[in-house]
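Numbers restart at 1 for each chain; the letters A, B, ... are given by sequence-line order, proteins then strands.
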Amino acid sequence: MLQVAILRQQTEWVKERLAIKNFSDLHLVDEVIALDDRRKQLNFQFDETQAGINKASKEIGGLMAKGEKDAAEAKKAEVAALKTTLQPITEQLAIVEKELQDTLVKLPNLPSALVPQGKTPEENVTVKEWGEVPALYEGAQPHWELIKQYDLVNFELGVKVTGSGFPVYKNKGARLQRALISYFLDYNTAAGYTEYIPPYMVNEATAYGTGQLPDKEGQMYYMPADNFYLIPTAEVPVTNLYREEIIKSEELPIKMTAYTPCFRREAGSFGSDVRGLNRVHQFDKIEIVQLVHPEKSYEVLDEMVAHVEQLVQSLGLKYRILRLCGGDMSFASALTYDFEVWSAAQKKWLECSSVSNFESFQTNRMKIRYKDEKGKSQLLHSLNGSSLALPRIMAALLENNQTEKGIAIPKVLQPYFGMDWIG
RNA sequence: GGUGAGGUGGAUGAGUGGCUGAAAUCAACGGUUUGCUAAACCGUCGUAGGGUCUAAAGCCCUACCGAGGGUUCGAAUCCCUCCCUCACCGCCA
């Protein structure tokens, strides 16, 4: 959620920025300002009238104590009259405040100056590409064949137990998942991230805090009996741990990491995009989240990108880093870098991480603040990234490391996996 | 799931209709004293919206004592609904 003050102070600049995100309802900016004007006006009237009521009520107390009954009754009539004028003001104020809120949440975050113009994923900018295309042997298979061949993941069983898109990991497939999770978490905690295991279901307030609600409820699994949502990413519960907190400056930055399963309904896609592990409804992901001083957030974004990069590199996977263009960025992000690993048998890039700076967009909703030198509360900046999402990493690992004899396990994973080979 | 107790500022905790945005203690912060540390003493110490002001400071107003509604001239205090926490019992990994 954008801060109204910024819309007021830099209206034209805000519109220019929104245009880069291909946001066309620019009139909403003016609407917000108009609603805020109206809100202030009504709020003032409310305060003045309420002050009158409070004052008179106090006087009644004094009059009653002195036994001046008639004067007290006269005051009561005065209060009654004020209450009559107050009622429509209160009603109007509630309507305007709701409208203001509803309008404000429709505005996406402003893209940073680094965000390239563009509408489609093709217009993302590749900022780095690393690694060699693996030389595969004749007859190399895509990962959905490999997982059958080595009995690592069974989709049919998932369909039986739940439905399509709920893979069952088995044998060394399950073990590899566990190894990846442990390795990633160890890597993150070594870099100073505090490890958490959060709940996998969240309430409405939490889903609202990170921006899943309103609007995106269709993308989450929902449990009506308890009014809970299954988390689409650890970002949701983890960032909300600090919701409505004022954090001491000396405690910054807050660095958190968590492994969670992630649940996504996302219907729609088809073909090779959804084959095998490319897109599933339940998958595992390790997330990193930081809450930082606003002046540090871009520095920290670079640091997080470098952190994820070294992790991907350590697995020996070919990857590229993209700076997302305005049209491909998420609603809440100010700047996003996507990591894609090369899937050698599918011969395509698979997204395995997305690292974003949200500036104060999320923290404004969640009221996550710190005290500046003057003792004033200010919003922090929030950032998060995947380090990493497992299914596509697994797909790339299986495909890129396959040989006639089996699948080689990267050195860094061997201590976790307990062997160097799936054969 | 049942029964009982309760949700007040960073923490403990007082407060059953007006003088309570909230005692007291602790913590924290600033200062005085002091070889250092400790102790003692003095002071400050919730959040948000608005007004006044060139601006800051200050001053003033409004809202907030789990959430929402109600009673009343007036509610932290009374009533209703919901949420949550704790204890005991039941069930259970």
Side-chain angles (χ1 to χ4, degrees), chain A residues 1-9 32-104 197-209 213 222-229 237 240-252 254 261 291 360 363-380:
Chain A
M1 190 166 69
L2 293 171
Q3 292 171 262
V4 179
I6 291 167
L7 303 195
R8 300 192 79 105
Q9 286 155 16
V32 166
I33 294 170
L35 284 165
D36 193 49
D37 284 339
R38 183 90 184 106
R39 197 209 93 236
K40 278 190 190 180
Q41 192 194 349
L42 286 164
N43 206 280
F44 182 76
Q45 289 174 19
F46 177 90
D47 283 357
E48 294 294 298
T49 313
Q50 189 58 248
I53 292 173
N54 290 347
K55 190 162 168 281
S57 296
K58 245 177 207 181
E59 286 165 9
I60 291 170
L63 292 170
M64 300 280 258
K66 283 189 274 177
E68 292 178 35
K69 223 165 171 240
D70 291 346
E73 287 305 321
K75 281 281 171 198
K76 280 193 195 180
E78 195 182 303
V79 171
L82 283 172
K83 283 182 105 173
T84 311
T85 62
L86 188 64
Q87 202 198 351
I89 297 170
T90 312
E91 282 164 9
Q92 270 301 306
L93 186 60
I95 292 167
V96 169
E97 276 176 345
K98 182 167 188 315
E99 240 175 277
L100 175 61
Q101 187 68 10
D102 290 351
T103 312
L104 203 50
I197 300 178
Y200 303 152
M201 295 180 210
V202 295
N203 58 30
E204 236 175 297
T206 298
Y208 177 83
L213 297 181
Y222 174 58
M223 293 148 153
D226 298 287
N227 201 18
F228 291 153
Y229 295 86
N240 271 281
L241 294 172
Y242 281 91
R243 177 154 45 94
E244 279 148 49
E245 297 282 339
I246 297 175
I247 301 167
K248 294 197 178 90
S249 309
E250 58 266 29
E251 286 170 28
L252 296 173
I254 305 286
L291 300 171
S360 60
T363 55
N364 189 29
R365 275 197 185 195
M366 285 185 274
K367 299 283 168 274
I368 304 179
R369 293 160 293 173
Y370 73 104
K371 294 266 191 196
D372 66 15
E373 316 73 49
K374 288 182 186 158
K376 243 192 118 194
S377 304
Q378 304 283 359
L379 294 171
L380 286 165

With a 3.5 angstrom cut-off on both distances, give the Watson-Crick or G-U wobble partner of [N], or none if there isn't one.
N: B:rA40; value: B:rU32
N: B:rA55; value: none
N: B:rG90; value: none
N: B:rU77; value: none

Checklist entry - For the base of B:rG49, is there a side-chain donor-acceptor partner from A:Asp47 under 3.5 Å away? => result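 Indeed, a donor on one side and an acceptor on the other fall under 3.5 Å apart.
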Item to check | Heavy-atom protein contacts under 4.0 Å, nucleotides 64-82 of chain B, coded B base, S sugar-phosphate only, - none | outcome: ---------BS--------
Next on the checklist: What's A:Lys40 touching, base or sugar-phosphate or nothing? Going by heavy atoms closer than 4.0 Å.
Outcome noted: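 The answer is sugar-phosphate, as A:Lys40 gets under 4.0 Å only of primed atoms, P, OP1 or OP2.
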Whole-angstrom distance between [N] and [M], as gauged at atom [atom1]:
N: B:rC29; M: B:rG46; atom1: C1'; answer: 15 Å
N: B:rA87; M: B:rU12; atom1: P; answer: 15 Å
N: B:rG70; M: B:rU77; atom1: P; answer: 14 Å
N: B:rC83; M: B:rA76; atom1: P; answer: 24 Å
N: B:rG90; M: B:rU3; atom1: C1'; answer: 11 Å

Checklist entry - Do the side-chain N or O atoms of A:Gln50 get closer than 4.0 angstrom to the phosphate oxygens (OP1, OP2) of B:rC61? => result no
Item to check | With sequence neighbours excluded, residues passing side chain to side chain donor-acceptor pair (under 3.5 Å) with A:Lys76 | outcome: none
